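Report on the following structure.
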Amino acid sequence: MHEDLLNGLNEPQREAVLHTEGPLLVLAGPGSGKTRVITRRAAYLARTVVAPRHILAITFTNKAAREMRERIESLEVDRGMTVATFHAFCARMLREYHDVAGLPRNFTILDREDRRKLIKQAVEECALHDANWAPGKIEPVISRAKNALQGHADFTESASDWQARQIAKIFEAYETLLTRMGGLDFDDLLMRVALMLEKNASFRDQLENRFRYVLVDEYQDTNLAQYRIARMLARDRENLCATGDPDQSIYGWRGADIGNILSFERDYPRANVVKLEENYRSTKRILAAADALIASNVHRKAKTLWTQNAEGARVRVTEFETSDQEAKFIAEEIRRLSDEGTSPKEIAVIYRVNSLSRGIEEAVLRAGVRYQVARGVEFYNRKEIKDVLAYLRLLVNPADEMSFLRAVNTPPRGIGDTTVDRLVQMARSSGRSVYETVMGGGLEGLGRSAGKVRQFGELLRLLGESLAKPAADAIAFVVSQSGLRAHYGQVVDDEGSAMGNLDELISAAAELQSERPDATLVDWLEHTALQSEVDSVKSEGGRVTLMTLHAAKGLEFDVVYIIGLEEGLMPFFREDMASDEEEERRLCFVGMTRARKSLTLSLARFRMIRGRFERSVRSPFLRELPKDQLEWVEADDEEPDARREKKSSRLPDDIDEWSVGTVVQHPLHGLGRVIGMTRTRLTHVDVEFDDGSTRQWVLEYAPLTRVELESQADCD
DNA sequence: AATATTCCCGTTTTT
DNA sequence: CGGGAATATT
């Protein structure tokens with residue numbers, strides 16, 4: 001029975017689909033048909049064991065959730081299953097149990113920009129407005145704390161040094177601001193639910209009874225909060241199915257804990273473990289190379305990746321003299337491939353850091369290849385969109401001061417900083433919100449601006465009418481009445497017309513309305529807050545894709561180029577910051593396993609970094625690849641032997657002996673003195689010579705000799 | 001309020 | 001080198 005769900009599955013895949021009771025861990029290698037297995041398993045559960053409404057499937061991205069939902073629905077299963085991201089699930093629960101959670105019903109969800117603004121405000125309130133306390137530095141600290149279920153109180157308690165205590169103060173001020181505005185940031189959604197599940201037995205019982213079968217996809221990417229949520233939901237029944245691949249855990253820096261998946265069997269001793277090791281994506285050689293690389297990791301569960309696919313071509317390693325040559329070669333090859341009939345959308349260029357995209361973009365443009373950069377320029381982060389959202393958020397949650405401050409003079413209506421400051425002062429001294437201050441009377445103190453502020457109050461009153469309308473109508477009403485339509489009517493930038501984006505926003509709302517007729521404006525705001533991209537922004541036409549290794553996870557292409565296989569870039573590291581070499585290796589593994597038929601790893605001996613060419617060293621990862629699967633291509637022409645001679649570099653120990661003031665000898669320029677030294681990935685020295693000229697070198701490779709003076713010799 | 005200028009800084013970013 | 005943000009200028 002239910003043969004349709006088992007059709008075309010291999011043995012371990014079947015086993016996973018048919019496992020219904022108790023904990024299950026599906027270790028799914030790249031290209032092993034994981035999505036197929038989990039959607040069929042969900043369908044099987046729903047058909048044979050339990051009503052769909054008792055099944056909860058959690059993903060990390062909206063895209064994954066959407067895809068899973070669609071695929072499950074296509075398997076003839078009744079609707080009613082909850083398929084959501086961790087964040088959406090938590091938001092929904094907090095909305096539903098807002099009184100238990102002690103939250104206002106209409107709490108606002110802050111995105112990263114909002115959070116940054118609020119942290120900035122917190123920094124200012126702590127009178128620390130130095131550059132040392134850039135919100136961008138504080139934000140990840142707070143975020144990591146929350147992901148590890150540390151609230152500001154815990155953080156304060158464990159703050160040992162001065163710096164940590166300052167951050168603790170900012171953290172606390174930030175929390176106060178959040179509470180005052182009735183806001184939650186992304187991390188709060190998870191933390192709140194995790195803590196409630198642990199502290200509130202009745203809440204946990206209700207949820208556990210409702211979600212009797214839980215599935216968590218990409219389990220290797222769970223942080224502590226997410227781990228605990230899964231744990232508590234499945235505490236008694238242990239009907240938890242975790243799927244993922246420790247070898248593809250690449251978000252440790254964001255709090256994801258690979259230990260969660262590695263210790264699944266310890267957490268759930270009854271667990272059935274299924275390994276999906278057959279790869280349906282790549283050629284034998286690509287898979288063998290990737291498998292050999294990842295084998296160097298210690299922190300993993302051994303898997304034997306294999307495939308029935310063709311052997312294929314060797315993995316190519318191309319080495320260029322400069323990054324310009326690298327880019328040109330790749331661009332021209334892509335040009336040729338697409339002329340020969342390879343669809344550009346089957347080609348990807350992947351890199352470790354976004355800054356590497358530029359060189360490729362320029363070259364690809366010159367070669368006449370159409371491309372798209374898959375970067376996170378999110379639709380909902382566009383200025384005009386956030387302007388409208390500010391109005392809507394303010395209407396729904398008048399305590400949302402941030403939105404008030406944005407809306408009050410957008411579009412410009414002559415309410416300047418001074419007036420706004422005074423309004424805020426008035427609000428503070430009366431203990432009311434700014435919104436209430438404007439809506440109440442007593443604005444005389446504002447002098448000439450009072451009229452304009454009153455007018456704004458009238459506008460808000462008028463816009464308040466839209467709360468009763470369906471979301472799409474409400475948005476349209478706000479866009480026109482607020483003056484945003486007039487303001488943005490003509491604006492067109494490189495991302496398209498602002499008004500076009502606003503119209504798109506309206507139609508997206510209409511779409512949601514037709515799917516969920518009972519959706520309120522609050523629901524819609526929640527939906528947009530948790531949705532970074534929008535369907536229509538998806539790849540149009542046949543374009544080559546340029547993206548980071550992180551962005552490449554989950555995708556596949558016939559032809560893949562990974563560029564910058566150089567020490568410091570891949571694996572990425574900086575002298576001053578520790579990096580996780582195994583995670584870097586996993587990242588490389590993820591990149592390699594994106595390729596179906598052709599994989600090229602490329603490097604350049606000199607790379608343009610911030611406007612200057614820097615000497616680079618081959619990535620140690622290249623040495624870990626099996627030679628018999630590789631084809632080395634020395635793509636450079638000039639004086640290969642001369643280069644090889646020069647490759648010996650100065651050792652770190654020696655470099656430590658150098659400092660400003662060191663006297664040096666250069667074969668051409670003679671005696672000089674070091675007047676500047678910067679250490680980054682490599683060490684740059686500025687040397688001043690007797691004739692007054694200054695020159696710069698990369699110390700590791702410069703033909704400079706240190707001249708010992710007597711006074712320096714003493715130090716030895 | 002819009003525009004010019006300077007200064008700082010520089011991984012990855014599912015929500 | 002180049003983007004973003006904080007200043008300075010008109």
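Per chain, numbering begins at 1; letters A, B, ... match sequence-line order. What you are looking at is a predicted structure, and each value in this text was computed from that prediction instead of being measured.
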Compare side-chain N and O positions of [X] against OP1 and OP2 of [N] and report whether any pair is under 4.0 Å apart.
X: S355(A); N: dG2(C); result: no
X: N62(A); N: dT14(B); result: no
X: N354(A); N: dT12(B); result: yes
X: K137(A); N: dG10(B); result: yes

In this structure, how many angstroms lie between the [atom2] atom of [N] and the [atom1] atom of [X], rounded?
X: L184(A); N: dT15(B); atom1: CG; atom2: C1'; result: 13 Å
X: L587(A); N: dT14(B); atom1: CG; atom2: P; result: 14 Å
X: H550(A); N: dT15(B); atom1: NE2; atom2: P; result: 14 Å
X: W253(A); N: dT11(B); atom1: CH2; atom2: C1'; result: 8 Å
X: R144(A); N: dT15(B); atom1: CZ; atom2: P; result: 20 Å
X: R610(A); N: dG2(C); atom1: CZ; atom2: P; result: 13 Å
X: R612(A); N: dG2(C); atom1: CZ; atom2: C1'; result: 15 Å
X: D185(A); N: dT13(B); atom1: CG; atom2: P; result: 20 Å

Handout entry: V193(A), V216(A), D221(A), L530(A) screened by side chain to side chain contact (heavy atoms under 4.5 Å, CB included) with F86(A), the one that passes
Key =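 Going through V193(A), V216(A), D221(A), L530(A) one by one, the side chain to side chain contact (heavy atoms under 4.5 Å, CB included) with F86(A) is satisfied by V216(A) alone.
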Handout entry: D421(A) atom CG, neighbour heavy-atom count above 12 within 6.0 Å
Key =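 Buried by this count: over 12 neighbours within 6.0 Å.
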Practice task
Inspect the contact between R95(A) and E526(A) and indicate whether a charged nitrogen and a carboxylate oxygen are less than 4.0 angstrom apart.
Solution key: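 A salt bridge is present here (some side-chain N lies under 4.0 Å from a carboxylate O).
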Problem - Distance, C1' atom - from dT14(B) to dG3(C), rounded to whole angstrom - result: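 Result for the C1' pair: 24 Å, nearest Å.
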Exercise for the section: Take atom C1' in dT11(B) and the same atom in dA6(C), then report the distance between them in whole Å. Expected result: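 Between the two C1' atoms, the distance is 24 Å.
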Handout entry: F60(A)/Y219(A) aromatic ring centres below 6.0 Å
Key =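 Between Y219(A) and F60(A), which both carry aromatic rings, the centre distance is not below 6.0 Å.
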Practice task
Please confirm whether F211(A) and F89(A) have ring centers closer than 6.0 angstrom.
Solution key: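 F211(A) vs F89(A): aromatic centres under 6.0 Å.
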Problem - I563(A) backbone acceptor or donor facing S602(A) side chain under 3.5 Å - result: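 Checked: no pair found.
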Exercise for the section: Would you check if the side chain of T39(A) reaches a backbone N or O of I72(A) as a donor-acceptor pair within less than 3.5 Å? Expected result: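 Not at all, since once roles are kept as given, no pair shorter than 3.5 Å links the two residues.
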Exercise for the section: Identify whether a stacking contact exists between F86(A) and dT15(B), where the ring centres must be under 5.5 Å apart and the planes under 30° apart. Expected result: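 Here F86(A) fails the 5.5 Å or the 30° condition.
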Handout entry: Residue mapping more 5' on DNA chain B - nearest nucleotide basis, A578(A) or Y251(A)
Key =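 So the residue in question is A578(A).
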Practice task
Between F186(A) and V353(A), just flag the one whose closest nucleotide in DNA chain B comes earlier from the 5' side.
Solution key: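 Mapping each residue to its closest nucleotide by heavy atoms, the 5'-most match is V353(A).
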Please tabulate the protein-to-nucleotide N/O contacts below 3.5 Å involving nucleotides 4-6 of chain C, giving atom names and distances.
from, atom 1, to, atom 2, distance (Å)
dA6(C), OP1, K120(A), NZ, 3.4

Problem - side-chain hydrogen bond (donor to acceptor under 3.5 Å, both in side chains) partner of K146(A), the single match among N223(A), D185(A), D187(A) - result: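 When side-chain hydrogen bond (donor to acceptor under 3.5 Å, both in side chains) is applied between K146(A) and each of N223(A), D185(A), D187(A), only D185(A) qualifies.
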With 3.5 Å as the limit, what N/O pairs link the protein to nucleotides 1-5 of chain B?
from, atom 1, to, atom 2, distance (Å)
dA1(B), OP1, N409(A), ND2, 3.1
dA1(B), OP2, N409(A), ND2, 3.4

Exercise for the section: Give one of base, sugar-phosphate or nothing for R352(A), where a contact means two heavy atoms less than 4.0 Å apart. Expected result: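 The residue R352(A) makes base contact.
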Exercise for the section: Describe the nucleic acid contact of D187(A) in one word from base, sugar-phosphate, nothing, applying a heavy-atom distance below 4.0 Å. Expected result: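 If one applies the 4.0 Å heavy-atom cut-off, D187(A) turns out to touch nothing in the nucleic acid.
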Exercise for the section: Please tell me which of the listed nucleotides, dT11(B), dT13(B), dT14(B), lies nearest to the side chain of T548(A)? Expected result: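 Selected nucleotide (nearest to the side chain): dT13(B).
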Exercise for the section: Report the nucleotide, chosen from dT15(B), dT11(B), dT13(B), that has the shortest atom-to-atom distance to any side-chain atom of T85(A). Expected result: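 Per side-chain heavy atoms of T85(A), the pick is dT15(B).
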Problem - Pairing residues for R393(A) by the side chain to side chain donor-acceptor pair (under 3.5 Å) criterion, not counting sequence neighbours - result: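 With neighbours one apart ignored, the set is D114(A), D400(A), S403(A).
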Exercise for the section: May I ask you to decide if the ring planes of H550(A) and W253(A) are parallel, tilted or perpendicular, using 30° and 60° as cut-offs? Expected result: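 H550(A) vs W253(A) ring planes: perpendicular.
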Handout entry: Any N/O donor-acceptor pair, R254(A) side-chain to dT11(B) base, under 3.5 Å
Key =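 In this structure, the two groups form no donor-acceptor pair.
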Handout entry: Pair K383(A), Y488(A): side-chain N/O donor-acceptor within cut-off below 3.5 Å
Key =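 There is such a pair (donor and acceptor under 3.5 Å, judged by atom type) between the side chains of K383(A) and Y488(A).
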